[in-house]
Number of protein chains: 2
Amino acid sequence: MSESLKTTSVPQAVYDALRESIVTSAEAPGALLTETAIAVRYGVARPTAKAALERLVSEGLLSRRPHHAAQVTELSRDDIEDLYGNRALLEEAALGILASDGVVPIAALSVHRELLEHARADNRAALARTDVEFHRALVLAQHSTRLAKMHGLLMGEIELCIGQVQSHQLIRPDEIAEQHQGILDAVAARDADLAARLTREHIIYARDRLLQKYDDDHSEDS
Amino acid sequence: MSESLKTTSVPQAVYDALRESIVTSAEAPGALLTETAIAVRYGVARPTAKAALERLVSEGLLSRRPHHAAQVTELSRDDIEDLYGNRALLEEAALGILASDGVVPIAALSVHRELLEHARADNRAALARTDVEFHRALVLAQHSTRLAKMHGLLMGEIELCIGQVQSHQLIRPDEIAEQHQGILDAVAARDADLAARLTREHIIYARDRLLQKYDDDHSEDS
DNA sequence: ACTCGGACATTGTCTAGCAAGTGTACGAGC
DNA sequence: GCTCGTACACTTGCTAGACAATGTCCGAGT
C-alpha cells in the first residue's frame with residue numbers, strides 16, 4: 001500500500017485493464033460486458049465502471065444499445081479496409097511532411113531498435129505491439145495535436161483488429177523491419193515523395209496480410 | 001411536463017445545450033465551468049453534468065486539469081492552422097474518392113440550396129452554420145465510419161474557432177457559394193483531381209480569412 | 001400456434017456524502 | 001515591510017445505495 005508511488009486515477013486503471021483484455025482478445029468479440037460485472041471484477045463502484053465502458057464505446061472498441069450490456073465490437077472485412085485506408089491517408093501525409101521538414105523522429109528510432117530485437121528473437125506478439133508503437137511515434141513526431149488524436153483513434157481499433165485476426169502469425173519480421181528502415185532512410189534523405197509512398201505501401205502490405213488471414217478464417221464456415 | 005414528446009437522454013440534452021453555448025461564444029473562451037454550476041443551471045445531478053463536461057473535454061472544446069474546473073479552450077493561431085491543415089487533408093481525400101466513384105452527395109445538394117438562401121438573405125451567422133453542415137454532408141456521403149468520426153472531431157473545434165474569431169463578419173457569401181458549386185460540379189463531372197484541388201483551395205481560403213481576422217484582433221493589444 | 005402478461009436483467013439518473021487535491025488569503029515571525 | 005507557512009474554502013474523485021424506465025424472454029392462457 002505504502003509502496004505504490006502514484007497510481008493513476010481509478011477509472012483510468014479500469015480503462016487500461018479493460019482495454020488490454022479487449023485488444024488481446026481475452027474478451028472474445030461479441031462478449032457481453034455489464035457495468036456491474038466490470039465493477040465487481042475490478043472492485044470499483046458502478047459509475048466508475050460505467051465511465052470506463054463509455055470511454056471504450058466512444059473509441060469504438062465496444063458498442064452498445066441504450067438499455068443493453070456493452071459488447072466487444074466485431075470488426076467486419078469492410079471495417080478492416082476502412083481502418084487501413086484511413087490510416088494510410090494519415091500516415092502518408094504525416095511522413096511526407098516529416099521528410100520535407102527533415103525532422104528526424106528520434107523516439108521512433110529507439111522503438112525501431114527495440115523492434116529489431118523482437119524480430120531477431122522471432123517474438124511475433126511483441127513485434128506486433130512494437131510495430132504499432134513505432135507508427136505512433138512517427139505520427140507524434142509531426143507535432144500535430146489533431147493528427148495524433150485522429151491517428152490514435154484509428155490505432156485503437158486497429159489493435160483490436162490485430163488481436164481478433166491473429167495476423168501476427170503470418171507476419172515476416174524481416175520484411176517489417178526492412179520496410180521501416182526504408183521509411184526512416186527516406187525521411188533522413190528528406191525525400192518526401194518516397195517517404196510517403198513507402199509508408200502507404202507498408203500499410204497496404206499490412207492490410208493485405210490481415211485480409212488474407214481474415215478470409216482464410218472465414219472461408220471454413222461458409 | 002406532459003408536453004415534451006421524446007426528449008433525448010438527459011446527459012445528451014445537457015451536452016447539446018452546453019456545446020451550443022460554447023461554440024456560439026456565449027461562454028467566453030477561458031470561462032470556468034464547474035460541475036455543480038452546470039448541474040444547477042440545467043437542473044440535473046452533478047454526475048450528469050460531469051458526464052457532459054467530460055465528453056466536451058474529450059472533444060477538445062473544454063480543457064481541465066485534474067482538480068480544477070473545466071474551462072472553455074482558447075484556440076491559438078497554431079491551433080487554427082493545425083485544424084484547417086488536417087481538415088484539408090481529410091476533405092481533399094474524401095472529395096477525391098467521391099468524385100472518382102461518381103457518387104452524387106444528395107444530402108449535400110439540399111444543404112447547398114439552403115446555403116444559397118442564406119447567402120441571398122445575407123444572413124452570415126446562418127451561412128456559417130450551414131457551411132459547416134455542407135462539409136459534414138460531403139464527408140458523410142463517402143460512407144466511411146472512421147473518416148466521418150475524425151472529421152467530426154475536427155469540425156467541433158472548428159465551430160468553436162469560427163465562434164471565437166467572429167470570422168463570418170468578413171465572409172463573402174457569394175464566394176463561398178461559388179466555391180461549393182465548383183466542387184459539386186467537379187464531382188458530377190467525375191473529375192477527382194479537380195474536386196480534390198478545389199476542396200483544398202476552398203478550405204485554405206476559409207483558413208486564411210480566419211487567420212486574417214485573428215491577426216487583426218490580436219494586433220491591437222500587443 | 002399465437003398473443004399477451006409478467007418476471008428478470010440492465011441501464012438511466014438521482015441523492016448523499018466523504019476523501020483528497022489545489023489555490024488563496026491571512027497571520028505569525030523575521 | 002516582507003516572507004513563509006498554515007488553515008480554509010472550493011472543486012473534483014469516487015463510493016454507496018436506491019428507484020425508475022426500458023428491453024428481453026418465457027410461460028400461460030386462449
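Chain identifiers are assigned alphabetically (A, B, ...) following the order of the sequence lines, protein sequences preceding nucleic acid strands; residue numbering begins at 1 within each chain.
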Given [options], which nucleotide is nearest the side-chain atoms of [X]?
X: B:T34; options: D:dT11, C:dG12, D:dT15; value: D:dT11
X: A:V44; options: D:dG13, D:dT15, C:dT10; value: D:dT15
X: A:T48; options: D:dC14, D:dT12, C:dG12; value: D:dC14
X: A:H67; options: C:dT13, D:dT22, C:dT15; value: D:dT22

Q) Hey, are A:R55 and B:E54 close enough for a salt bridge, meaning a charged N less than 4.0 Å from a carboxylate O? A)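 Looking at B:E54 together with A:R55, the answer is no, because their closest N to O distance does not fall below 4.0 Å.
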
Gap between atoms [atom1] and [atom2], on [X] and [N] respectively (whole Å):
X: B:Q71; N: D:dT11; atom1: CD; atom2: P; result: 13 Å
X: A:R64; N: D:dT22; atom1: CZ; atom2: C1'; result: 14 Å
X: A:E35; N: D:dA16; atom1: CD; atom2: P; result: 15 Å
X: B:L32; N: C:dT22; atom1: CG; atom2: P; result: 17 Å
X: A:L62; N: C:dT11; atom1: CG; atom2: P; result: 12 Å

Q) A:T130 side chain to A:L115 main-chain N or O, any donor-acceptor pair under 3.5 Å? A)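 Not confirmed, A:T130 side chain does not pair with A:L115 backbone.
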
Q. Checking all strands, does A:R65 fall into the base, sugar-phosphate, or nothing category for heavy-atom contacts under 4.0 angstrom?
A.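 It contacts sugar-phosphate atoms only.
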
Q: Looking at every strand, decide which applies to A:P11 at a 4.0 Å heavy-atom threshold: base, sugar-phosphate, or nothing.
A: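 Here A:P11 touches the backbone only, sparing every base.
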
(Q) Taking only side-chain N and O atoms of A:H68, does any of them lie within less than 4.0 angstrom of OP1 or OP2 on D:dT24? (A)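 For A:H68, the contact criterion (side-chain N or O under 4.0 Å from OP1 or OP2 of D:dT24) is met.
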
Q) When you check the phosphate oxygens OP1 and OP2 of C:dG12, does a side-chain N or O of A:K50 lie under 4.0 Å from one of them? A)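 The answer is yes; a side-chain N or O of A:K50 sits under 4.0 Å from OP1 or OP2.
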
**Q.** Residue whose closest nucleotide on DNA chain C lies nearer the 5' end, A:P47 versus A:L53
**A.**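 Whichever sits nearer the 5' end wins; that is A:L53.
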
Q) Under a 4.5 Å cut-off applied to non-hydrogen side-chain atoms, are A:L61 and A:V72 in contact? A)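 Contact flag for A:L61/A:V72 side chains = no.
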
Q. Between the base of C:dT13 and the side chain of A:R46, is there a donor-acceptor distance below 3.5 Å?
A.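 A donor-acceptor contact between them is present.
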
Q | Among A:H151, A:H112, A:H202, ring-ring contact (aromatic ring centres under 6.0 Å, His included) partner for A:H135 | A |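 That would be A:H202; it is the only one of A:H151, A:H112, A:H202 passing the ring-ring contact (aromatic ring centres under 6.0 Å, His included) with A:H135.
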
Q. For A:R77, which of A:D82, A:D215, A:D217 qualifies under salt bridge (Lys or Arg N to Asp or Glu O under 4.0 Å)?
A.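 Filter result, single survivor: A:D215.
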
